Number of protein chains: 2
Amino acid sequence: MTASLNPDMFDAACPTTAMPFQIGDKWTVMVVLCLEDGPRRFNELRVPLRRVTSKVLAETLRSMERDGLINRFAYDENPPRVEYELTPLGRTLLDLVDAARSWCSENMDDLVAARAAFTARDPA
Amino acid sequence: MTASLNPDMFDAACPTTAMPFQIGDKWTVMVVLCLEDGPRRFNELRVPLRRVTSKVLAETLRSMERDGLINRFAYDENPPRVEYELTPLGRTLLDLVDAARSWCSENMDDLVAARAAFTARDPA
DNA sequence: CGGGATCCAGTGGGATACTG
DNA sequence: CAGTATCCCACTGGATCCCG
C-alpha cells in the first residue's frame, strides 16, 4: 500500500509562499500532493497539514470535491472512516504544480532579489 | 510601434474566472497580457482594464514593480507621462499564462460540469 | 473519527473624491 | 495625466467549542 505521509513534508518557512501564483485555495496544492500516491483519510491528511484547522481542511476538501478534483468515500463503520482520492481531473493539477516548481527553481531568486532591492530603495 | 490595445480584450463574463489557479493578484495576468507587445502608459492600460479603479491598478503595478516583473519609467514632462514594460522576469509569466490557458481548454469543461453536477446533488 | 457551529480578525479590493 | 486619500465592505481563513 501507500506509505505514510511525511509529517514534515511542508515547511512553514518555505520561501515559495511568495510565489506569484496560486492553485486553488490556500491549502489545495498541499492536499493534492498528499493524495498523489493514493487515497488518504481525513486525519491522515491532518498530520502533514497540522497547521490547518479541521474546519478549514473540511472546507478545502469539500470545495475540491465540488470541482471534481477529488472523490470522497464515506464508509458506514464505527469508528467512521472517510477517504479522499484524486480524480483524473485532480491529477491534471500535478502538471501545474510541476510548472510552478519549475518556475520557482528558475526565477524565484530573481523575484526575491528584486523585492529586496525595491525595499532597500523605498523602505516605506 | 505597438498597436492600440483592444478595449474589449477582457470579457467580464469569461468562465475562466472559475479557473482553479491564479497568477499574482486579481489583475496581474491582464496587466501582463496588456504589456506583452511593448510598453504602455497608465491610462492606456485603463482602457481594456476599465473595470479596475485607478487606485487598484496603481497598487497592482506597484507590487509588480516591487517583484521585478515590470519596469516603471516616469518622464518629467507636462502633462506627465509614465510607461510600464515587462522585465525579462515578467515575461516568464507568459509561459505560465499559456500553461493556464492550455489547462482551461483541456479541463475547464470537466470542472464546470462537475460543479453543476455537485450543485444538482447538493443544492445547499 | 470526521467533521459542524459559531465567532472573529485581517485583508484585498471597490467607491468616491481630490491633487501636483 | 497619473496617480493619492479616505472610507468601507465582503470574504477568506483561523480559534474555539461541540456533536453523531
Side-chain angles (χ1 to χ4, degrees), chain A residues 4-5 10 12 17-31 34-35 39-67 70-85 118 122 124, chain B residues 4-5 10 12 17-31 34-35 39-67 69-85 118 122-124:
Chain A
S4 307
L5 293 171
F10 304 118
T17 51
M19 186 168 67
F21 40 94
Q22 188 183 341
I23 301 176
D25 292 330
K26 185 170 180 181
W27 306 100
T28 303
V29 171
M30 300 187 208
V31 170
C34 287
L35 297 179
R40 301 286 181 183
R41 305 181 57 169
F42 188 83
N43 275 347
E44 203 175 356
L45 295 173
R46 295 204 66 194
V47 176
L49 297 172
R50 58 195 174 286
R51 302 197 325 281
V52 197
T53 63
S54 64
K55 173 209 162 194
V56 172
L57 180 56
E59 286 172 351
T60 302
L61 292 168
R62 188 169 174 81
S63 98
M64 291 178 71
E65 187 196 1
R66 181 181 132 90
D67 284 351
I70 58 176
N71 285 130
R72 178 180 186 277
F73 299 106
Y75 300 93
D76 195 7
E77 305 172 354
N78 199 310
R81 182 164 60 98
V82 179
E83 287 190 341
Y84 297 90
E85 70 172 10
F118 187 90
D122 181 3
Chain B
S4 306
L5 292 171
F10 303 118
T17 50
M19 185 168 68
F21 41 94
Q22 188 184 341
I23 301 176
D25 290 330
K26 185 170 179 179
W27 306 100
T28 303
V29 171
M30 300 186 208
V31 170
C34 286
L35 297 179
R40 301 287 182 182
R41 306 180 57 168
F42 188 83
N43 274 347
E44 202 175 356
L45 295 173
R46 294 205 65 196
V47 176
L49 297 173
R50 59 194 175 284
R51 303 196 326 281
V52 197
T53 63
S54 63
K55 173 209 164 195
V56 172
L57 180 56
E59 286 171 353
T60 301
L61 291 168
R62 190 171 175 81
S63 98
M64 291 178 71
E65 187 195 3
R66 180 180 133 90
D67 285 350
L69 303 178
I70 59 175
N71 284 132
R72 178 181 185 277
F73 299 106
Y75 301 93
D76 196 5
E77 304 173 354
N78 198 311
R81 183 163 61 99
V82 178
E83 287 189 341
Y84 298 91
E85 71 172 8
F118 187 89
D122 181 2

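Keep in mind the model is a prediction, meaning the values are calculated, not measured. Each chain gets a letter, A, B and so on, in the order its sequence line appears, and its residues count up from 1.
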Inset, instruction - Check every nucleotide of DNA chain C for an atom under 4.0 Å from a heavy-atom of chain B, then give the first and the last such nucleotide from 5' to 3'. - result: C:dG13 to C:dG20

Would you classify [X] as touching base, sugar-phosphate or nothing, given that sugar-phosphate means primed atoms plus P, OP1 and OP2, and contacts are heavy atoms under 4.0 Å?
{"X": "A:Tyr84", "value": "sugar-phosphate"}
{"X": "B:Arg72", "value": "sugar-phosphate"}
{"X": "B:Arg46", "value": "nothing"}

Separation of [N] [atom2] from [X] [atom1] (nearest whole Å):
{"X": "B:Glu44", "N": "D:dC1", "atom1": "CD", "atom2": "P", "value": "12 Å"}
{"X": "A:Arg51", "N": "D:dG13", "atom1": "CZ", "atom2": "C1'", "value": "13 Å"}
{"X": "B:Leu57", "N": "D:dT4", "atom1": "CG", "atom2": "P", "value": "11 Å"}
{"X": "A:Arg50", "N": "D:dA15", "atom1": "CZ", "atom2": "C1'", "value": "19 Å"}
{"X": "A:Asp76", "N": "D:dG20", "atom1": "CG", "atom2": "C1'", "value": "12 Å"}

Legend entry - Counterpart residues, side-chain hydrogen bond (donor to acceptor under 3.5 Å, both in side chains), relative to A:Glu59 (two or more places apart): none

Inset, instruction - Would you please confirm or rule out a distance under 4.0 Å between OP1 or OP2 of D:dG3 and any side-chain N or O of B:Arg81? - result: no

State which residues pass side-chain contact (heavy atoms from CB on, under 4.5 Å) with [X]; sequence neighbours excluded, sorted by chain then number.
{"X": "A:Thr60", "answer": "A:Trp27, A:Thr28, A:Val31, A:Val56, A:Met64"}
{"X": "B:Ala58", "answer": "B:Phe42"}
{"X": "B:Phe73", "answer": "B:Asn71, B:Tyr75, B:Glu85"}

Legend entry - Nucleotide-resolved protein contact map, nucleotides 5-12 of chain D, B/S/- at heavy-atom distance under 4.0 Å: BBB-----

Legend entry - Minimum-distance pair of heavy atoms, taken over all atoms of B:Pro48 and B:Leu5: CG-CD1, 3.8 Å

Inset, instruction - Please report the shortest heavy-atom distance between B:Tyr84 and B:Ile70, naming the atom on each side. - result: CD2-CD1, 3.8 Å

Inset, instruction - Report the distance from atom CG of B:Leu69 to atom CG of B:Leu35, rounding to the nearest 0.5 Å. - result: 10.5 Å

Inset, instruction - Calculate, to the nearest 0.5 Å, the distance between atoms CD and CG belonging to A:Glu83 and A:Leu45 respectively. - result: 10.0 Å

Inset, instruction - Check salt bridge (Lys or Arg N to Asp or Glu O under 4.0 Å) between A:Glu65 and all other residues, then give those that pass, not counting sequence neighbours. - result: none

Inset, instruction - Could you check B:Leu61 against A:Thr53 and say which one's nearest nucleotide on DNA chain D is further toward the 5' end? - result: B:Leu61

Legend entry - A:Val52 vs B:Glu83, nearer the 5' end of DNA chain D by closest nucleotide: B:Glu83

Legend entry - Global bending angle along the helix from C:dC1-D:dG20 to C:dG20-D:dC1, which compares the axes of five pairs at either end, to 10 degrees: 50°

Legend entry - side chain to side chain donor-acceptor pair (under 3.5 Å) partner of A:Glu44, chosen from A:Arg40, A:Arg41, A:Arg46: A:Arg40

Inset, instruction - Determine which pairs satisfy side-chain hydrogen bond (donor to acceptor under 3.5 Å, both in side chains) with at least one residue from residues 47-57 of chain A, sequence neighbours left out, and list them in order. - result: A:Asp8-A:Arg50

